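See structure below.
Excluded from the calculations below are hydrogen atoms, water molecules and symmetry mates; all remaining heavy atoms, backbone and side chain alike, are included. Numbered from 1 within each chain, the chains take letters A, B, ... in sequence-line order. From a predicted model like this one, the values you see are computed outputs, not experimental measurements.
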Amino acid sequence: MSTITRNLFYGASNKNDLRKRKLIEKCLDEKVKDFKRHKIPKDYKQRITGPVVDWKLFYRQQSAFNYARDQSEELHVIAFESSSVGFGDGKRMYLVTSYDVFWNYYKQLSSEKKLHYEIIPEGAVCKLYFDLEFSIPDNPDNNGTEMVAIFIQYVCLWLEEEFSVKCSRKDVLDLEASTDKKFSRHLIFLIPDVAFQDNVTIGCFIHHIIEELNKYCESSDLPKVENGLSLDSCTSTKKDSVTNACLGNQINSPKNCESAVEDASCCGDDGVLDTVRKKSQISDRVLGHFTKEQLLSLIVRNKHGEKTSFCDMGVYTKNRNFRLYLSRKYGKNNPLLVAAENEFVPLSSMNDEAIFMDSLIANVKFSSRMKILKSNDTHRRSQRSFSNKGASSTACLEGYKASPYPEVDAFLLEHVRKLEPNGGIRHWTYFSQGELIVYEMANYRFCHNVERSHKSNNVMFVVDLKKKIYYQKCHDPVCKSQGFKSSDFPLPESVFPSFLWEDDPMFDGEDEDLCSAAEDIEKTLPL
DNA sequence: CAGCGCTACCACACCCC
DNA sequence: GGTGTGGTAGCG
């Protein structure tokens, strides 16, 4: 054992010891900094009724959703850019937790580690929200602050006309993440007891009101057609929406398909002309509240100099990631903060937690008073692509979901695979009115009109559940122009649900209703 | 080991004029 | 030239 010298005990008395102490202090400083950098947030205080699990981390969004669904508590999936846990470089990862637990963790992160996004789940009831942005250098004459004020008023007027919902700027949480180069706002509408069915529905509504704005701006703009926003493109989009609307909305809302088809089939009818006139009256009423200059100011130019909307239309897709209050993008320094012009005040008080909770798009409490806004025919727009989970050529087969009549799906699959082993169902459209299912086939082109397979056009089958038959039609332009439709083929009795239930006392009408009611409730409840 | 969901755009095949 | 289909770069 070494003895403690006087110098060592009382501290530095020479240059050597001084250096040593400096070194130790420096090490300590480093340790402190390091600790601060990697500090572990304090545990959330567990209550007896409180959450069982703090959080769980996933590399894949789907795994996170699966886990959240299997738990009994109300959990949410939050995405973040993963440098915040010390690895990866902006790669997205997924956190499953409750809002309360998340806020407790999130509020303790330093500003540069708040890189988080809410995932607005597919099909979930949500608040009306907007991403408003434009490049400042490309639009030096635009006044963003004034544009936001006009835009909010424009949206409020449309809400009143279309849904009889009254609101004002006081109901709009206004968040800002602008820089010198880019004007950027997030608007979140917190209208008491009002929410939208889902964010895709919002997309349809917004698409509609922006299109009306574009049409107006174009007609009152220079007489010549400008690139990007021609009237032609507007009308062709409308046509698309009639023919394709039912495909885009097929899974969740077969009723939409009915009305879309009715719309198309009774064109030229007086009733349709009436509704067209009514629609343009609504549009005129809204537009009439503004001066031409105010409306024109909402159109900006993108980096290619093309005219485009101030409102980003790309944020209404399924499972959209939407940046959280106080978060920034990876590698950027512009967190979302409350804008100076914000007039919304949370019910409790103006504190960060209340703002955070109110800013969550899908944080909508279920209540019987809640009015759920759904899309109507005018809002629907074309949606040609169908989400396929897998990649490559087999995607269409893997991405295909069962129709409400899986037995019919199986029958058709078996049928086509006798001729084409790779044949499959690309998608289906269910028309509950008339009990019709239209199946678009994949890798199956045999047409009864030409008695051979077409070279590049797949065929479709129309299943008539009432008549218990099916027939074939096809995409080939020649067959189409002839209005070709094959003769009827019988559907085997075994594909009908009644075949299974007839002698089964376990199934009766009540059980069926209960099951579908339970499913409906499950769908409407916030996740 | 490790993101997701589009959408605009292009290339190509086939059929029509 | 029009239509349907498939593949991909790139955006939000």
Side-chain angles (χ1 to χ4, degrees), chain A residues 57-65 77-83 85 87-95 115-123 129-135 177 182 184 186 198-200 203 206-207 227-228 233 236-237 239-240 243-244 247-248 302-304 306 308-309 311-323 327 329-332 336 361 381-397 399 422 424 426-427 440-445 447 449-450 452-460 473-482 484:
Chain A
L57 207 56
F58 295 88
Y59 289 99
R60 300 285 190 172
Q61 181 179 270
Q62 195 53 56
S63 323
F65 277 130
V77 182
I78 281 155
F80 65 100
E81 291 166 317
S82 67
S83 76
V85 279
F87 51 92
D89 46 351
K91 275 229 154 23
R92 268 181 212 221
M93 292 188 62
Y94 303 90
L95 190 58
L115 303 161
H116 295 66
Y117 296 78
E118 173 181 8
I119 298 181
I120 304 164
E122 177 182 7
Y129 65 100
F130 294 93
D131 180 14
L132 304 178
E133 55 182 28
F134 65 85
S135 151
K182 193 176 170 187
S184 171
H186 281 191
D198 56 47
N199 73 332
V200 174
I206 303 312
H207 185 89
N227 55 351
S233 74
S236 70
T237 316
K239 254 185 277 166
D240 282 355
T243 50
N244 291 333
L247 301 178
N302 66 15
K303 61 185 168 204
H304 302 114
E306 297 154 345
T308 180
S309 171
C311 167
D312 181 355
M313 297 300 301
V315 297
Y316 306 110
T317 56
K318 70 177 194 176
N319 298 329
R320 162 64 38 183
N321 284 207
F322 205 57
R323 193 141 56 98
S327 269
K329 283 184 188 168
Y330 183 81
K332 298 274 175 65
L336 271 166
I361 308 299
R381 67 189 165 118
S382 81
Q383 279 179 313
R384 265 181 294 172
S385 65
F386 301 87
S387 64
N388 293 319
K389 303 251 162 56
S392 83
S393 59
T394 58
C396 51
L397 304 183
N422 289 327
R426 209 148 53 84
H427 42 257
E440 306 266 352
M441 306 312 288
N443 305 323
Y444 186 81
R445 298 173 175 183
C447 170
N449 195 25
V450 295
R452 60 168 173 81
S453 288
H454 285 293
K455 292 282 161 54
S456 65
N457 294 310
N458 284 311
V459 301
M460 48 189 157
K473 295 181 66 134
C474 88
H475 284 295
D476 183 78
V478 186
C479 300
K480 222 174 185 175
S481 65
Q482 294 172 1
F484 169 72

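- For the OP1/OP2 pair of C/dG12 and a distance below 4.0 Å, the side-chain nitrogens and oxygens of A/Arg323 include no atom meeting the criterion.
- If you measure from atom CG of A/Leu57 to atom C1' of B/dC1, you get 15 Å, rounded to the nearest angstrom.
- Of the candidate nucleotides C/dG6, B/dG5, B/dG3, C/dG6 has the atom lying nearest to any side-chain atom of A/Arg445.
- Spacing between atom CG of A/Asn302 and atom C1' of C/dC11 amounts to 12 Å, rounded to whole angstrom units.
- Contacts of A/Asp131 classified as side-chain hydrogen bond (donor to acceptor under 3.5 Å, both in side chains), with partners at least two apart in sequence or in another chain: none.
- Annotation: of the two residues near DNA chain B, A/Gly314 and A/Asn321, the 5′-most nearest-nucleotide partner is A/Asn321.
- A/Phe322 approaches A/Phe130 most closely through the heavy-atom pair CZ-O, 3.9 Å.
- Checking B/dA2, C/dG6, B/dC6 against the side-chain heavy atoms of A/Arg60 singles out B/dA2 as nearest.
- The listed nucleotides are B/dC4, B/dG5, C/dG12; the one nearest the side chain of A/Tyr94 is B/dC4.
- In this structure, A/Glu81 does not pair ionically with A/Lys91, as no charged nitrogen and carboxylate oxygen lie closer than 4.0 Å.
- The CD-P distance, from A/Gln61 to C/dG12, rounds to 19 Å in whole Å.
- Within the 4.0 Å cut-off from OP1 or OP2 of B/dC4, not a single side-chain nitrogen or oxygen of A/Asn319 is found.
- Distance, A/Phe58 CZ to B/dG3 P: 16 Å, rounded to whole Å.
- Atom CZ of A/Arg320 and atom C1' of B/dC6 are 8 Å apart (whole Å).
- Picking from B/dC6, B/dG3, C/dG12 the nucleotide with the shortest atom distance to the side chain of A/Asp131 gives C/dG12.
- Judged as a ring pair (Phe, Tyr, Trp, His ring centres under 6.0 Å), and not counting sequence neighbours, the contacts of A/Phe58 are A/Tyr67.
- Of the C1' atoms belonging to B/dG3 and C/dG10, the separation is 15 Å, rounded to the nearest Å.
- Considering only side-chain N and O atoms, A/Gln62 lies nowhere under 4.0 angstrom from the phosphate OP1 or OP2 of B/dG3.
- At whole-Å resolution of the value, CE in A/Met93 and P in B/dG3 are 10 Å apart.
- Closest contact between the side chain of A/Tyr59 and the listed nucleotides B/dG5, B/dA2, B/dG3 involves B/dA2.
- Per the geometry, NZ belonging to A/Lys182 stands 12 Å off P belonging to C/dC11, to the nearest Å.
- Nearest nucleotide to the side chain of A/Thr317, out of B/dG5, C/dC11, C/dG6: B/dG5.
- The nearest whole Å value for the distance from the CZ atom in A/Arg92 to the P atom in C/dC11 is 15 Å.
- A distance of 6.0 Å or more separates the ring centres of A/Tyr316 and A/His207.
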